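Just so it is clear, the values below take in all heavy atoms, side chains as well, and ignore hydrogens, waters and symmetry mates. Labels below follow one simple rule: chain letters A, B, ... track the order of the sequence lines, proteins then strands, and each chain is numbered from 1. Here the structure is a predicted model, which is why all the values come from computation and not from measurement.
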Amino acid sequence: MGSRKRRTQRKVAHARPKRSWLVYLLLLVVLSAPFAVGYVLWLDRQVVAQFEGKRWALPARVYARPLELYEGTRLRPQHLVAEFEALGYRPVAQSSAPGTYSRNGNEFRVTTRGFRFPDGEEQARRAVIRFEGNRVAALSAADGGELPILRLEPAIIGGIYPAHGEDRVLVRLEDVPPELIHALLVVEDRNFFQHRGISWSGIARAAVANVRAGRVVQGGSTITQQLVKNFYLTSDRTLRRKINEAIMALLLEYRYDKYEILEAYLNEVYLAQDGNRSIHGFGLAAEYYFSQPLEDLRLDQLAMMAGLVKGPSFYNPRRHPQRTKERRDLVLRMLHTYGSIDAETAQRAIARELDVSPAPHRSDNRYPAFMDLVQQHLRRDYRAEDLSSEGLQIFTTLVPHVQEAAQRSLDQRLQAIDSELQGAGVVVNVDDGTVAALIGGREAGYLGFNRAMQARRPVGSLIKPAVYLAALSRPDRYGLGSLVLDSPMEVQDAAGRRWEPKNYSGRYHGQVPLWQALANSYNVSTVWLGLDVGLPAVVDALERLGLRPPSRVYASLLLGAVNYTPLEVAQMYQTIASGGYQTPLRAVQSVMDAEGEVLQSYPLAVEQVFDGGEVFLLDYALRQAMRSGTGRSAGRHLPPGLTVAGKTGTTNDTRDSWFAGYSSDMLGVFWLGHDDNRSTGLTGASGALQVWGQTFASLELRPLPDSLPASVEMSWIEPASGLRAEEYCADVVQLPYIRGKMPPDAACVEDAQPRRGRFRGWFQ
Amino acid sequence: MMRKVSSGVVGAVLASSVLLSACATTAEPGSSRNGAANVERETSRTTTDRPNGDSSASAPEETAPQAPLRALPAAAAELVRQAEEASAQGRHDEAASLLERALRIEPQHPVLWQNLAVVRYRQGDYAQAEQLAMRSNRLSGDYPALQLTNWRLIAVSRELRGDTQGAAAAAEQVQQLRAVGSR
């Protein structure tokens, strides 16, 4: 599985010398210098190396999880619109062309483009999607036929580029609309199919134009020469460079045929600058300017791009729309003049606006922190150069609207508190361990320090569930109603230092039921319980939950004096949220090569590490924490009826503010703190919990179920004694217990046994 | 000898999982003669295609009554149908991926977990087959027939991994469920 078992079969056009010696001889005469042979040979090697190497260096494309629509999809209509936008779908009055949608109130009509997924081809479809509130109420084919499920194309969330930051969307010659090729030939190189690399008539024409204008207005370069020019990274205009280019153009023409050169040109030509990213090739330019695949573009759009070649910054359609339109219209008229299109078609195209998508479609590196996780994952199985050159397709688990919601919540909260405060977060799907979102810090000024993966911080009370689970997985000894001590105590660590755990409030509570100690996050009783069950048992629980325990264990571990990253904490809580099944978190589902062959898939794997019933008991206490304990302030964010469970964490001097919480389907872990470790003044509840609450409030989630696992039943418990009671006893509470593992009966049960019925009536 | 017994159990496992889950079967790993276990979905649990009518496979508990399963939503059912097709053609990774999608739609449905367990079993990943069947079991509280299938899958997976003790424990569960079912 983990081997680099592949090499893509590239479509390399093997260099085949045609008449080359003759050429060399000819050039030799022309240059009439003996050393020229060596020089030309050197240039020849350059040409071949550049053409073979650069032409096909294709970065990996990284995709988000595709949106699946079906009756019952929990989704807000605006998230569907955002998804359409990310895919470059255009809103139209009537959706019939691929990549368009129309909306009428709660009803969307969409025409998808179709996509080849690792698990099969998704056909292009026309569909009707009807919402009721934040839920898809009906899905059908536009012709009224049945359509149980519709999968959109996955949004591109980035690429994995070689160091110099170039991107490509490779197009094959046969997939390029012929209008584009006609337009390019008409405006750039009318004799392309006749000349041998350089065009004397072109040079003559350019010379005439330049003399007339009194300056250089035309280059007279053929497409072949332009391609050669693109092989260089600099653009100086020395005579020597010109001569080199001419020789290399001739060499290129002798080595490769016209179609190969044209295809390389289409993928190589420089068409825009997007920040520090250069846009090369028409495939990427189509995305950059129109947010659509090249095949979907109309004549006027293709003509505009053909016109850009002359000067992408001079004719920048976003900055100089009028200038660009004039250029485009000239191209269209020339197409008519040279007979490619009729007058009417030209006029119709000229009548259109430029129609460039408003903002540059920044597909790359919108989610740099998540991309780190993807790259880390892929580095296990792939070499860096394969990732940046083989045109791999990486299918990730990112859910764009979840990522956006988490980032927005974090940014807003951080901004409101302190301009230097930082944070991180991870959101994962509970059942399959797929990472839906990963936030490495504030959105602005992300410099590569990915706190979700790299910031190892003390976790404080987030560790406590491991302590309580260690106890609850010994149901003969502990249940939720068991009494734990919460009174002054002293502990000695291995170094012999004395240490006195304190509660956050500074008060002691005497004896408290186990569930309350966790729900209220009492420190003293947690230490008592951890020592009672034994540190090795706690370490074992920690390990089974998916964390690596510290090499040396002291009692302070019980209060979270141990460092983990938010991602590691997410793994721990995933095990709890899924009821004791550890599922390795994953950000990549599969990798497909450029030809559509699946190279690797990373499937769901589960391992039961705790009994479901015992985890349910822990889950119950964590629900109580959200209902009435340390997490109760989340209630003001969340919709009523959304049952959740979670745990706050605060470390000494409020240096770290943590929260981990989950619904039935999603788990989120957030951390707030300062990079220099100074105090934040925030508890887990006032900081991270609020970010979590805001994030979860903007998602459509499933509540935790009300049902009990088969191995668990509810029992009446007398809180003061922790013993089993009956409903008729005074001041009793109901708590879940493992079947057959009830505590002994309380006094009231024994007394009342013979007269149960009557008692019930009297005392209620 | 051990192997032979287990392949009979496998036959039963696969056959019954077909019925319960609408997921077609192919040959289990290492056996081709059991190929296309063409069990019709609607029929009672006939076991015609089982090799050699092995004793553990032809026991009458197969006719035990079961509570009606809650239906899969149409989208998940469609994915299961596609998974069935893919698995029948030996494209197990694809089948697993389709089932994972179905699970995202309906994560609490025991049949989906069981189907995934069967696919892993067919791929020879007995560790995951066991774990996934356990997970299905957790959700199969009201469906003894599903539990029975899961325990059989667990028993045979354990056996194939050399966990004889574990296999015996699982077989014990199978016996108990049969006893309950025949009552």
Select one option (side chain, backbone, both, neither) describing which atoms of [X] are under 4.5 Å from chain B's heavy atoms.
X      : value
A:E607 : both
A:E146 : neither
A:S711 : neither

inquiry  = So which residue, B:R138, B:E130, B:E78, ends up with the most heavy-atom pairs under 4.5 Å with chain A?
reply    =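 If we count pairs closer than 4.5 Å to chain A, B:R138 comes out on top.
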message = For chain A, which candidate among B:R101, B:E94, B:Q82 shows the most heavy-atom pairs at distances under 4.5 Å?
response =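 If we count pairs closer than 4.5 Å to chain A, B:R101 comes out on top.
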query = Would A:R74 and A:D665 pass as an ion pair if we require N to O under 4.0 Å?
reply =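 Looking at A:D665 together with A:R74, the answer is no, because their closest N to O distance does not fall below 4.0 Å.
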ask   = Any salt bridge between A:R702 and A:D431, counting N to O under 4.0 Å?
value =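 Between A:D431 and A:R702 there is no salt bridge, as every charged N stays at least 4.0 Å from the carboxylate O atoms.
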Which one wins on heavy-atom pair count under 4.5 Å against chain B: [options]?
options                        : answer
A:S707, A:P705, A:G579         : A:G579
A:G120, A:G72, A:S578          : A:S578
A:S664, A:A710, A:G580, A:A605 : A:A605

key: Check: B:L72 and B:V80 side chains under 4.5 Å, non-hydrogen atoms   =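 Yes, their side chains come closer than 4.5 Å.
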inquiry  = When you compare the side chain of A:L604 with that of B:L103, does any pair of heavy atoms fall below 4.5 Å?
reply    =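 A side-chain contact under 4.5 Å exists here.
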Given a strict heavy-atom distance threshold of 4.5 Å, which part of [X] is in contact with chain A: side chain, backbone, both, or neither?
X      : value
B:R104 : both
B:L116 : side chain
B:Q108 : side chain

query = Taking the six-membered ring for Trp, are A:F117 and A:F395 parallel (under 30°), tilted (30 to 60°) or perpendicular (over 60°)?
reply =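 Taking A:F395 first and then A:F117, their aromatic rings sit tilted (interplane angle of 30° to 60°).
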query = With under 30° as parallel and over 60° as perpendicular, where do the rings of A:H401 and A:H79 fit, or are they tilted in between?
reply =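 The rings of A:H401 and A:H79 lie parallel, inter-plane angle below 30°.
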inquiry  = Can you confirm whether the side chains of B:R91 and B:Q89 place a donor and an acceptor under 3.5 Å from each other?
reply    =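 B:R91 vs B:Q89: donor-acceptor pair found between side chains.
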ask   = Do A:R544's NZ or CZ and the ring of A:F610 fall within the cation-pi criteria of under 6.0 Å and 45°?
value =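 Geometry flag: set, cation within 6.0 Å and 45°.
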